[in-house]
Amino acid sequence: MGIEIEQPCVELSNVAVSETHGENSPYFAGWKAYDENPYDEFTNPSGVIQMGLAENQVSFDLIEKYLEEHPEEASTWGNGASGFRENALFQDYHGLKTFRTAMASFMEQVRGGRAKFDPQRIVLTAGATAANELLTFILANPGDALLVPTPYYPGFDRDLRWRTGVNIVPINCDSSNNFQITPEALEASYKDAEAMNFKVRGVLITNPSNPLGITIPREVLEEILDFVTRKNIHLVSDEIYSGSVFSSSEFTSVAEILEARENRNAERVHIVYSLSKDLGLPGFRVGTIYSYNDKVVTTARRMSSFTLISSQTQHLLASMLSDERFTESYMETNRERLRKRYQMIIEGLRSAGIECLNGNAGLFCWMNMSPLLEKPTREGELELWNTILLQVKLNISPGSSCHCSEPGWFRVCFANMSEHTLEIALQRIRDFMARIRTETETESA
Amino acid sequence: MSLRKAGQDSHGQDSSYFLGWQEYEKNPYHPIQNPMGIIQMGLAENQLSFDLLKLWLRRNPDIVGLKKNGASLFRELALFQDYHGLPALKNELVEFMEKTRGSEMKFAPEKLVLTAGATPANEILVFCLADPGEAFILPTPYYPGFNRDLKWRTGVEIVPMQCSSSNGFRITSSALEQAYQQAQKMNLNVKGVLVTNPSNPLGITMTRSELNHLVDFAIHKNIHIVSDEIYSGTVFASPKFVSITGVLKERNSDNNIWNRIHIVYSLSKDLGIPGFRVGMIYSNNERVVSAATKMSSFGLVSSQTQYLVANLLMDKKFTSKYMEETQRRLKRRKEMLVCGLRNAGIQCLKSNAGLFCWVDMRHLLTSATFEAEKELWIKILYHVGLNISPGSSFHCCEPGWFRLCFANMSEDTLKVAMQRMKAFTHSTTFLLKAS
């Protein structure tokens, strides 16, 4: 990390020196290998292909086209920079009204109009990372616990636990039922938390799931909602991938269920969203918390002072997001392109003899390589992961970094590269699998 | 369901600092539409130089449109979420910071951490330097927002170090020591001192002597110093700004103390762009930089904004002229305020920086108490129609001081405010004499 400081120095905080930021996990180690030897079609065709980055790069052209076609509306402050002053001064944590309203209507559109969102309940944050941490600060005390179904996004270890001092207790899901959350698993997780003397404050789900790439079925959401109501705890639904469902009708948001229940017990439910995945704008830092709880909205709003969205960015996106003709057409095209990519990778993997979980959303697929493990253990999985990284030159994410209880599953991203690069990656996998088959045949001969 | 953070009042939202704003929102002054409305003098914003910025924007439409040499950078920027920040921006920022400090020393871009404003920068440093229940010493009077920024989510305490008008509110070794003893009595482990230099609300830059006392103290107690230098670009008169790093350099200090100095900065005051959320931490301590960089994930600067600001700062001719002109305008405004108040029989602390003056209204109090200060504040808010900030909201230990901002309104509005003040004090003095 740098020069060692020889003399004893004054301590930093426990938070600063802890490893809870989680950056020493393989999830991040693979990124380093990629950074050192990144694939490039022309300059480095044998480099590492990054398949560990859940980014959506398939629909930029649509947004760029919109911005070209609406220079006055969409360009910041227009030609005379007339609105610049107001915009530059605007740091109200309520957010730009036009932008907040646009986000609410966009969220409605993503859900096919099946749920209504009140702009007054929208709290803006610089990304979903901030939104999840903020909610954890509000809903739980240090030492308390949130229940999170496995496998889950590795970043949660940092986002939910690091500075908050809150614990994550896993809700174990496995392949026996396609990793669905069951009432038994919920209860077991709650009991685990109790056994560790943690006060459970809520359940946090990601729907559609990262890394599974599937939407949570309506019945399961109902069960989860009943569970949190029975236990009198919160439910945070991170719906960051809601716009990446290949077919809109297959996604049920917890918002829809609440509406069907006439918002009974809604004050325990909070939704997180962001434009990083659906619109492919992670650099702009646009996240939101939607809460049905007035006190949470007020507190979250005040806390958002630590993580406001640049007013310049709010201004740029406000008109685009409230242009319903654009957003409808964008969503449709984006979904279709993601679906096609998904088909491509699934078929490619199948032809190489690898099966994936039957997914319907997201920017990645959940790949089953357990038959290839030397040992059906975490170590065995990491060995395989290392082989794939160094020999096949693909950075994919091992299931253990997502806290998956079964070794051998990997998350493979498909939307952060060109179709051509994806084809190369699939070819490498086919060659790798062919080599393994030959070796196995030679051994058994 | 209990919501701990929701229940706590440490966000400080209910102090008079914010109540005055609420009253202003209900009845804001406008020269034509609402000439009897309340004039906002509680907002430390720099609105004096937007004309210059707008000129620059008009001349650089490409930058605003996220283009470079005609080619769109949209995709690249939209994807850029590296918490190390845009290298071009960091290079420009360190140069900018160097210039403000008289180019006395070089800053390294890899020691800079970008955050969405100074608000998270301060909070991140406290997270890194102190555990819940530990404490930071802050000289009073201090910015009310610190109660939220430093304490709310971190669980860290603030131990105030009382400064008084007897010596121009300067930091002394004995005051530092006293605060430290106070902390010991309360069983609080002090991890550092946080100073704002130039000071909000005082509008003065710290002297070399004060800075040296501070460094002596930090060396002796083996603690950190956080120097919030957010107003460093608003120094409009002598003495020139002296940064804590400058003082350390002079002392030829060893590595030990260098690793315990951390600077917070932001473009919100100097460039007048608080909405864009551009803040930063500068630290020599590699572990702090490493931890703070990871923590910045919770509040990154929008890549769109990083690109704009990097290019703005790259235009050295422009920024140089901008800073010079802004400081000239600030000086003129301050003098207008000081003059106007003098006409009303009110003195100000002699200041050389900031967007506000620290005003002495002790002689207008019916008694030397905070109740009387509050009464006076309310009278000025509702009867004079000025939202000014009472010293108690800055934790000042002497009642009767107020902070008045001068850079967030037009010259004409400031004139109206001064006329109202004059009318008020004349009638008040009359009444005070008569009683």
Side-chain angles (χ1 to χ4, degrees), chain A residues 1-3 5 7 9-10 12-17 21 23 55 57 60 63-64 67 75-77 79-81 84-85 87-91 126-127 129-130 133 137-139 141-142 158 163 232 234 268 280-285 295-296 299 302-303 305-313 316, chain B residues 1 3-6 11 13 45 47 50 53-54 57-58 61 64-65 72 74-75 77-81 116-117 119-120 123 127-132 148 153 191 222-224 255-256 259-260 268 272-277 286-288 290-291 294-295 297-305 308:
Chain A
M1 210 194 76
I3 310 164
I5 300 162
Q7 297 170 327
C9 53
V10 67
L12 299 185
S13 67
N14 292 329
V15 161
V17 302
H21 52 71
E23 286 194 16
E55 271 178 5
Q57 295 190 26
F60 271 126
I63 299 181
E64 280 173 311
L67 294 175
S75 85
T76 339
W77 321 300
N79 270 336
F84 172 75
R85 185 175 166 276
N87 192 233
L89 288 172
F90 187 85
Q91 54 172 334
T129 298
E133 192 202 36
F137 268 121
I138 293 177
L139 305 179
N141 293 323
R158 173 196 63 190
R163 305 193 301 181
N232 194 21
H234 293 274
R268 62 184 72 253
L281 310 172
F284 289 0
R285 314 313 303 145
K295 194 132 198 234
V296 171
T299 309
R302 290 175 179 163
M303 244 187 224
S305 301
F306 295 110
T307 183
L308 296 175
I309 302 178
S310 168
S311 53
Q312 179 194 12
T313 303
L316 174 71
Chain B
M1 288 192 303
L3 292 169
R4 184 184 80 129
K5 288 279 171 342
H11 54 74
Q13 192 95 344
E45 272 177 5
Q47 296 188 22
F50 279 117
L53 286 174
K54 275 153 87 162
L57 291 171
R58 270 198 292 268
V64 173
S72 172
F74 181 82
R75 183 178 293 231
L77 289 171
L79 287 173
F80 186 83
Q81 56 172 332
T119 299
E123 193 198 35
F127 266 123
C128 287
L129 305 177
D131 290 329
R148 171 196 62 193
R153 307 191 301 181
K191 289 312 277 284
N222 199 26
I223 59 179
H224 295 270
N255 259 350
N256 233 320
N259 284 322
R260 303 207 297 277
S268 299
I273 49 174
F276 290 2
R277 314 315 300 148
E286 281 189 30
R287 283 160 49 190
V288 170
S290 173
K294 297 179 172 88
M295 283 187 193
S297 304
F298 299 111
L300 297 174
V301 181
S302 167
S303 56
Q304 178 199 15
T305 300
L308 175 69

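The chains referred to below are lettered A, B, ... by the order of the sequence lines, with proteins before strands, and numbering in each begins at 1. In this text the structure is predicted, and so the values were computed from the model without any measurement.
Comparing A:G283, A:S305, A:S311 by how many heavy-atom pairs each has under 4.5 Å with chain B, the most go to A:G283. Put simply, of B:S268, B:S303, B:P274, B:G117, the one with the most heavy-atom pairs under 4.5 Å next to chain A is B:P274. The choice from B:S72, B:A78, B:A291 that makes the most heavy-atom pairs within less than 4.5 Å of chain A is B:A78. For the set B:I273, B:D131, B:T119, the count of heavy-atom pairs under 4.5 angstrom toward chain A peaks at B:D131. Heavy-atom pairs under 4.5 Å with chain A peak, among B:S297, B:G299, B:P132, at B:S297.
Residues meeting the side chain to side chain donor-acceptor pair (under 3.5 Å) test with A:Q57, sequence neighbours left out: A:E55. Looking at residues two or more places apart in sequence or on another chain, you find a side chain to side chain donor-acceptor pair (under 3.5 Å) between B:T305 and A:S310, A:Q312.
Taking every heavy atom of both residues into account, A:A16 and B:C128 meet most closely at CB-O, 3.4 Å. Pairing each heavy atom of B:F50 with each of A:A88, the nearest pair is CE2-CB, 3.9 Å. Considering every non-hydrogen atom in both A:A130 and B:F298, the closest pair reads CB-O, 3.3 Å. When all heavy atoms of A:L308 and B:A116 are compared, the pair lying nearest together is O-CB, 4.2 Å. When all heavy atoms of A:L89 and B:G272 are compared, the closest pair comes out as CD2-O, 4.0 Å. For A:S13 against B:A130, the heavy-atom pair with the smallest separation is CB-O, 3.3 Å.
Here the straight-line distance linking atom CE of A:M303 with atom CZ of B:R153 works out to 5.5 Å at 0.5 Å rounding. The NZ atom of B:K54 sits 7.5 Å away from atom CZ of A:R85, with the distance rounded to the nearest 0.5 Å. Of the inter-residue distances, the one linking A:F306 atom CZ with B:E123 atom CD reads 4.0 Å to the nearest 0.5 angstrom. Atom CD1 of A:I63 and atom CZ of B:F74 lie 5.0 Å apart (nearest 0.5 Å).
Contact check for A:P282 versus B:L79: side-chain heavy atoms found under the 4.5 Å cut-off. With contacts defined as side-chain heavy-atom distances shorter than 4.5 Å, the pair A:Q91/B:R277 qualifies. The side-chain heavy atoms of A:L12 and B:H224, taken from C-beta on, include a pair separated by under 4.5 Å.
For A:F90, the part sitting under 4.5 Å from any heavy atom of chain B is the backbone (N, CA, C, O) and nothing else. Only the backbone of A:I309 comes within contact range of chain B, judged by heavy atoms closer than 4.5 Å. Looking at B:V288, the atoms closer than 4.5 Å to chain A (heavy atoms on both sides) sit in the backbone and in the side chain alike. Of the atoms belonging to B:F127, heavy atoms from both backbone and side chain fall under 4.5 Å from chain A.
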Under the side chain to side chain contact (heavy atoms under 4.5 Å, CB included) rule, what do B:F276 and A:N87 come out as? Steps first, then yes or no, please.
-> CA-CA 8 Å; B:F276 290 2; A:N87 192 233; 3.7 Å; yes
